[in-house]
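Keep in mind that the numbers below use all heavy atoms, side chains included, and drop hydrogens, waters and symmetry copies. All values derive from a computational prediction rather than experimental measurement. The chains referred to below are lettered A, B, ... by the order of the sequence lines, with proteins before strands, and numbering in each begins at 1.
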Protein chains: 2
Amino acid sequence: MNTRTALLDSAERAARQRGYDGFSYADLASDIGIRKASIHHHFPKKADLARELIDRYATRFADQLSEIAAAEPNAAAKLRAYHGLYRDALGAGTQLCLCVAFSAGRDSLTEPVLDQLNTFHARSTAWLSLVFEEGAVDGSVANLTDAADDARATLALMEGAQLLARAAVDLSLFDQATAAFLCRLSPSQMH
Amino acid sequence: MNTRTALLDSAERAARQRGYDGFSYADLASDIGIRKASIHHHFPKKADLARELIDRYATRFADQLSEIAAAEPNAAAKLRAYHGLYRDALGAGTQLCLCVAFSAGRDSLTEPVLDQLNTFHARSTAWLSLVFEEGAVDGSVANLTDAADDARATLALMEGAQLLARAAVDLSLFDQATAAFLCRLSPSQMH
DNA sequence: GTCTATAATGGGATAGAC
DNA sequence: GTCTATCCCATTATAGAC
């Protein structure tokens with residue numbers, strides 16, 4: 001694998017576990033086995049690395065949302081899959097979604113990174129809004145209010161549930177915090 | 001005011017705006033007008049300061065919950081007041097509740113501080129559980145599931161909504177994310 | 001593209017005078 | 001209780017050889 005990708009992978013793992021301020025070029029260097037000065041050849045400033053990190057993450061997440069939209073038959077199934085993304089991102093309860101990790105440390109981020117972060121939130125909200133509108137039509141989601149509000153509430157719930165679970169390093173807290181949300185979704189049909 | 005309290009106040013403001021790693025003794029020193037070496041007289045290590053910070057915060061929060069429990073007539077009113085605490089804590093959209101700020105940067109925290117953080121979460125959840133059980137009796141809260149799950153979901157929603165609002169420095173995002181939650185609460189009576 | 005070497009800065013922390 | 005002075009270390013970043 002090329003060094004650049006190895007660096008991005010290492011940095012993403014580190015950022016999601018310890019936050020943006022919680023990892024240094026020295027950490028990445030010892031992780032992938034080069035000297036820290038060499039990293040500056042690929043990412044001159046740490047802000048450049050952060051930028052690429054969030055870009056790559058946003059792209060990957062958007063692709064996953066597209067796949068879900070294409071693969072799942074109704075709104076409830078799409079929301080279950082969305083919930084699964086956030087649950088999987090927790091790993092063993094030690095890491096967060098990159099965008100939660102970055103939201104938390106937002107004061108050390110540069111403008112372009114912050115912009116990407118808010119774009120990520122906006123896109124997620126837009127995608128969820130469409131799903132909730134679909135839910136109003138197909139009847140697979142209970143207790144609907146306003147689609148945009150439901151979307152923001154869902155995003156907030158996932159991010160908050162990750163925070164709770166990670167604070168205690170206990171995945172079951174994520175499940176408890178999101179249990180009521182899953183209850184609103186009609187069960188998938190048998191084949 | 002005594003120096004010790006001034007330091008705690010300054011540190012709390014800083015931590016809620018920039019996180020635990022985001023402020024230094026130098027920041028506090030210039031903020032309250034002493035030299036940074038003097039701070040070590042009051043708090044030998046930064047971890048000591050963090051400990052006192054979270055202790056004080058947890059105590060204050062518990063008192064507020066007691067007041068709410070005593071003052072509000074039913075479950076819906078108590079939850080509205082609880083929601084108000086988190087909304088107020090956001091200020092102009094630039095700061096978080098201390099415990100969200102600490103949850104985010106958890107990897108630089110020491111064991112006693114982490115313990116206090118989880119105790120805080122546990123107490124909040126316990127208080128909310130009782131309120132949701134009251135709601136099941138007085139009928140003032142809609143769409144109830146399991147009281148403990150509803151409690152964790154509520155805590156996660158508040159923390160996540162704060163994160164969303166702070167990322168964009170936009171209080172209205174908190175309101176949108178929590179709008180559906182408020183809708184579940186029956187309106188207060190006229191007098 | 002990676003290395004050694006070296007800034008330059010800022011962090012937490014301590015000793016000892018006043 | 002606060003000060004000056006200092007230490008030690010980690011961090012981001014750069015220069016220039018290979």
(request) On the 0 to 90° scale, with breaks at 30° and 60°, tag the B/Phe102-B/Tyr20 ring pair as parallel, tilted or perpendicular. (result)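 B/Phe102 and B/Tyr20: perpendicular rings.
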In whole angstrom, what separates [X]'s [atom1] from [N]'s [atom2]?
X       : N      : atom1 : atom2 : result
B/Lys46 : C/dG11 : NZ    : C1'   : 9 Å
B/Leu49 : C/dG11 : CG    : C1'   : 15 Å
A/Asp21 : C/dT9  : CG    : C1'   : 16 Å
B/Tyr20 : C/dG11 : OH    : C1'   : 12 Å
A/His40 : C/dT6  : NE2   : P     : 17 Å

(request) May I ask you to verify if any side-chain N or O of B/Ser24 is less than 4.0 angstrom from the OP1 or OP2 atom of C/dG11? (result)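 Affirmative; the distance criterion is met.
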(message) Quick check on DNA chain D: between B/Lys36 and A/Phe43, whose nearest nucleotide comes earlier from the 5' end?
(response)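 The residue closer to the strand's 5' end, by nearest nucleotide, is B/Lys36.
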(request) Would you check if B/Thr3 and B/Ile39 make a side-chain contact, meaning some heavy-atom pair closer than 4.5 Å? (result)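 Answer no - side chains too far apart.
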(request) Tell me, yes or no, whether the heavy-atom count around A/Arg123 atom CZ, taken from other residues, nucleotides or ligands under 6.0 Å, exceeds 12. (result)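 Atom CZ in A/Arg123 is not packed in, count stays at 12 or less.
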(request) Would you mind checking if B/Arg13 and B/Asp9 are paired as a salt bridge, meaning a charged N to carboxylate O distance below 4.0 Å? (result)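 Answer for the salt bridge query: no.
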(message) Can you work out whether B/Ala37 or A/Ala37 has the more 5'-proximal nearest nucleotide on DNA chain C?
(response)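 The residue mapped nearer the 5' terminus is A/Ala37.
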(request) Extract, from 5' to 3' on DNA chain D, the first and final nucleotides lying under 4.0 angstrom from some heavy atom of chain A. (result)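 Listed 5' to 3', the contact boundaries are D/dT11 to D/dT14.
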(request) With sequence neighbours excluded, give me every ring-ring contact (aromatic ring centres under 6.0 Å, His included) pair touching residues 138-176 of chain B. (result)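 For residues 138-176 of chain B: B/His83-B/Phe174.
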(message) Given 3.5 Å as the limit, does a donor-acceptor pair link the side chain of A/Arg152 with the main chain of B/Leu164, or not?
(response)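 Looks like no, no N/O pair under 3.5 Å.
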